[in-house]
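First the proteins, then the strands, lettered A, B, ... as listed; each starts at 1.
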Protein chains: 4
Amino acid sequence: MATPPHHPRRSDTRRRIQDVALELFAEHGYEKTSLREIAERLDVTKAALYYHFKTKEDILVSISEDLARPVDELIAWAESQPRTLATKQEMLRRYSDALWGAVPLFRFIQENQATVRELSIGESIKSRITALSEMLKEPDSSLSAQVRCMTALFAMHAGMFAMQGIEGDPEEKRAAILEVALDLVAQAEASGVAG
Amino acid sequence: MATPPHHPRRSDTRRRIQDVALELFAEHGYEKTSLREIAERLDVTKAALYYHFKTKEDILVSISEDLARPVDELIAWAESQPRTLATKQEMLRRYSDALWGAVPLFRFIQENQATVRELSIGESIKSRITALSEMLKEPDSSLSAQVRCMTALFAMHAGMFAMQGIEGDPEEKRAAILEVALDLVAQAEASGVAG
Amino acid sequence: MATPPHHPRRSDTRRRIQDVALELFAEHGYEKTSLREIAERLDVTKAALYYHFKTKEDILVSISEDLARPVDELIAWAESQPRTLATKQEMLRRYSDALWGAVPLFRFIQENQATVRELSIGESIKSRITALSEMLKEPDSSLSAQVRCMTALFAMHAGMFAMQGIEGDPEEKRAAILEVALDLVAQAEASGVAG
Amino acid sequence: MATPPHHPRRSDTRRRIQDVALELFAEHGYEKTSLREIAERLDVTKAALYYHFKTKEDILVSISEDLARPVDELIAWAESQPRTLATKQEMLRRYSDALWGAVPLFRFIQENQATVRELSIGESIKSRITALSEMLKEPDSSLSAQVRCMTALFAMHAGMFAMQGIEGDPEEKRAAILEVALDLVAQAEASGVAG
DNA sequence: AATGAATGAGGATTCATTCAT
DNA sequence: TATGAATGAATCCTCATTCAT
């Protein structure tokens with residue numbers, strides 16, 4: 001007997017909509033992706049999308065909720081840890097996992113910042129980034145130390161897609177990026193307080 | 001007192017359109033900014049925009065042509081220099097100048113990558129970034145050296161806007177970002193070839 | 001009494017759009033007929049038209065496909081017949097039926113040749129006319145014999161509308177036109193080969 | 001000294017506008033030809049067109065007035081002649097001259113009937129055609145005799161452009177068309193009164 | 001004799017969304 | 001669990017026309 005409906009079992013269609021939508025959002029941007037396009041790709045009607053989601057934005061919200069959970073977990077974890085360099089570096093390692101675990105979503109966010117900012121997910125994304133950077137940098141450290149911390153973050157964001165210009169095994173590239181990021185927070189720590 | 005030009009101020013209109021358009025593009029994104037909105041802000045008709053520009057996209061193209069020139073000049077300059085560390089660092093300094101000389105444009109590009117990619121300016125932007133990164137990194141250096149070079153670039157891009165969360169004088173922040181970027185290429189150089 | 005279909009009269013809409021569109025196209029021309037006009041006449045929104053047809057041009061294409069079928073059938077039939085005078089005359093009789101069976105369409109085509117030529121239906125219309133005239137005239141007959149054949153065709157086209165200046169029963173007029181056309185091909189046949 | 005301004009000498013530009021306009025009207029139709037297009041082809045501004053003509057329609061009117069004069073003269077001449085077969089045939093000969101003397105104009109009229117009908121020139125064109133056909137056909141002759149007369153007219157109209165599918169010297173084709181037309185009125189005459 | 005700048009009206013088309021079935 | 005039919009609002013864009021210079 002097939003898997004019993006646990007919850008009424010979030011239908012397969014729902015997931016397929018999310019998949020296709022995310023793919024198209026990431027490819028052409030949120031605004032340029034129409035519901036017609038999504039529906040056509042799935043061979044269903046636009047109206048079908050509305051059976052599963054309240055609105056276009058809601059599709060995106062649901063995707064983000066499902067895929068960005070690891071980042072929230074990482075933040076929750078980090079908040080319970082001592083603010084040591086080791087913790088910060090473990091944060092980066094976990095963040096790398098989270099990003100590479102949902103490349104299309106984070107690519108979408110990276111490439112549609114203007115749009116995302118005006119959508120309801122904008123708020124939660126912003127607060128996650130803020131939380132992460134608050135935990136990485138010491139508030140009373142020098143400006144360049146702070147910059148190094150933020151750069152560690154951006155290096156991972158940008159690195160995810162922009163490194164396609166460099167040859168090499170994806171996992172090695174990811175490792176290289178992480179290494180640079182780890183190094184940056186280490187240097188930030190070393191450079192000490194402002195002055 | 002300088003007599004104003006014959007026609008009162010007739011047609012700085014073109015410039016005013018560019019200004020308002022860029023402001024709105026940067027604020028709400030390219031797709032969400034309608035020509036109606038631009039026209040209303042300027043208190044002219046939509047048709048007036050079409051007198052000055054062939055197309056919505058053409059407005060953006062013209063802005064980009066006008067404001068991104070310094071980057072092209074920088075690339076031209078760099079191509080005539082020896083590939084030393086000093087040259088690379090001077091490139092970063094000039095790039096910093098170019099970026100901070102047209103913040104709204106580069107903010108727009110940064111935050112609308114998905115859109116920009118599908119627009120005609122996408123090609124020229126991509127080729128500029130490629131050119132810059134080709135000149136910063138040594139092709140046979142280690143992966144992490146290459147990552148460091150690209151990160152130097154991204155640090156400046158992202159830094160331009162994302163540093164708003166950090167207190168401090170803008171010029172000082174810019175200097176701090178540049179410093180980190182300079183440091184990254186220095187480290188890249190130091191770490192030597194792969195292996 | 002025939003039970004009307006489930007949905008009251010839902011979507012004979014498509015047919016109604018075609019009808020009104022053709023009427024307006026024939027009355028004011030294709031370009032001067034706006035979709036707003038069509039929609040208003042039907043008391044639906046412009047968007048409703050786009051539910052049923054991809055494009056303004058597509059409305060016309062669909063009309064032409066539906067109504068010009070008899071001409072295609074006639075051509076197919078004629079191609080399987082011997083090239084005798086009797087065949088040619090039967091062609092004209094059937095062509096007369098086809099034309100009078102869809103007067104508004106052929107009136108539209110006749111009166112909007114410049115427009116039609118630049119539309120996708122232009123090609124198919126042109127090829128139909130060519131096919132017909134190729135089958136009516138002998139390639140090696142005298143110039144005036146060929147002119148007579150083409151004139152037989154044009155007489156029917158023009159006659160359909162231009163004869164409104166002449167009093168008399170429509171069916172009688174149609175018969176008179178057909179008679180003249182039949183006579184023209186007979187004369188063409190009689191006049192023999194060039195020389 | 002150059003030719004003295006006779007009338008202020010209807011400038012050369014005026015004529016050039018008419019030429020280009022007629023060419024484009026005939027090529028793409030009246031509605032699809034924009035003043036911008038005309039102006040661009042002449043390398044002047046749209047506003048310049050308005051110096052020479054009150055409106056778009058006025059350009060067409062002026063062309064028609066200039067080029068269709070021969071038809072009016074022919075009608076005037078015919079009205080002073082006896083209604084014999086010889087007169088009718090001379091009418092056709094002169095009409096052929098008039099048509100072939102201004103091919104683009106008559107091509108335009110032929111291919112844009114729907115448009116022309118709604119323009120001010122429509123009235124004068126219609127009345128000319130009516131006048132001609134009234135003079136060709138005897139009001140109490142048989143229907144088919146009348147059809148033959150109108151067909152003589154249409155043969156010339158349609159023949160002007162549609163004969164491009166037939167090989168042969170243009171002048172010979174024109175002669176062949178005229179011959180058929182002459183023949184048609186002769187037959188009409190011969191077939192006598194209705195009954 | 002012509003231009004530069006602008007307008008107002010209107011064009012076709014697309015979109016997210018709704019609702020009865 | 002979906003569809004078919006439709007809407008209202010908005011989009012970009014084009015056009016004929018005007019007028020001060």
Q. If you look only at pairs with a residue in residues 22-49 of chain C, which of them pass as a ring-ring contact (aromatic ring centres under 6.0 Å, His included), with sequence neighbours excluded?
A. F25(C)-Y30(C), F25(C)-F108(C)
Q | Side chain to side chain, Q113(B) and F161(A), heavy atoms closer than 4.5 Å | A | no
**Q.** Sub-4.5 Å side-chain heavy-atom contact between I59(B) and T55(B)
**A.** no
Distance in angstrom units between [X] [atom1] and [N] [atom2], rounded:
X	N	atom1	atom2	result
L60(B)	dC12(F)	CG	P	13 Å
L35(A)	dA16(E)	CG	C1'	6 Å
R16(B)	dA6(E)	CZ	P	9 Å
E37(A)	dA16(E)	CD	P	9 Å
R14(D)	dA2(E)	CZ	C1'	16 Å
E31(D)	dA9(E)	CD	P	20 Å
L42(A)	dT1(F)	CG	P	15 Å
I38(D)	dT17(F)	CD1	P	11 Å

Q: For F106(B), enumerate each residue passing the side chain to side chain contact (heavy atoms under 4.5 Å, CB included) test, keeping only those at least two apart in sequence or located in another chain.
A: V71(B), L99(B), A102(B), I109(B), M160(B)
Q) Excluding sequence neighbours, so at least two apart, what forms side chain to side chain contact (heavy atoms under 4.5 Å, CB included) with Y51(C)? A) none
Table please: side-chain donor-acceptor pairs of residues 119-127 of chain B below 3.5 Å, with sequence neighbours left out.
unit_1: S120(B); atom_1: OG; unit_2: E57(B); atom_2: OE2; d: 3.1
unit_1: S124(B); atom_1: OG; unit_2: I121(B); atom_2: O; d: 2.9
unit_1: S127(B); atom_1: OG; unit_2: S124(B); atom_2: O; d: 3.0

For [X], give me all partners under salt bridge (charged side-chain N to carboxylate O under 4.0 Å, His left out), at least two apart in sequence or on another chain.
X	value
E40(A)	R36(A)
E23(D)	R41(D)
D58(B)	none
D66(A)	R69(A)

Q | Partner residues of D72(B) under the side chain to side chain donor-acceptor pair (under 3.5 Å) criterion, sequence neighbours left out | A | R128(B)
Q | Consecutive-pair stems (at least three Watson-Crick or G-U pairs, under 3.5 Å) that include DNA chain E | A | E:2-21 with F:2-21
Q) Closer than 4.0 Å, any side-chain N/O of T13(D) to the OP1 or OP2 of dA2(E)? A) yes
Distances under 3.5 Å only, N/O to N/O: pair up the protein atoms with those of nucleotides 8-10 of chain F.
none

Q. What parts of residues 48-58 of chain D reach DNA chain F, counting only heavy atoms under 4.0 Å away?
A. Y50(D), T55(D), K56(D)
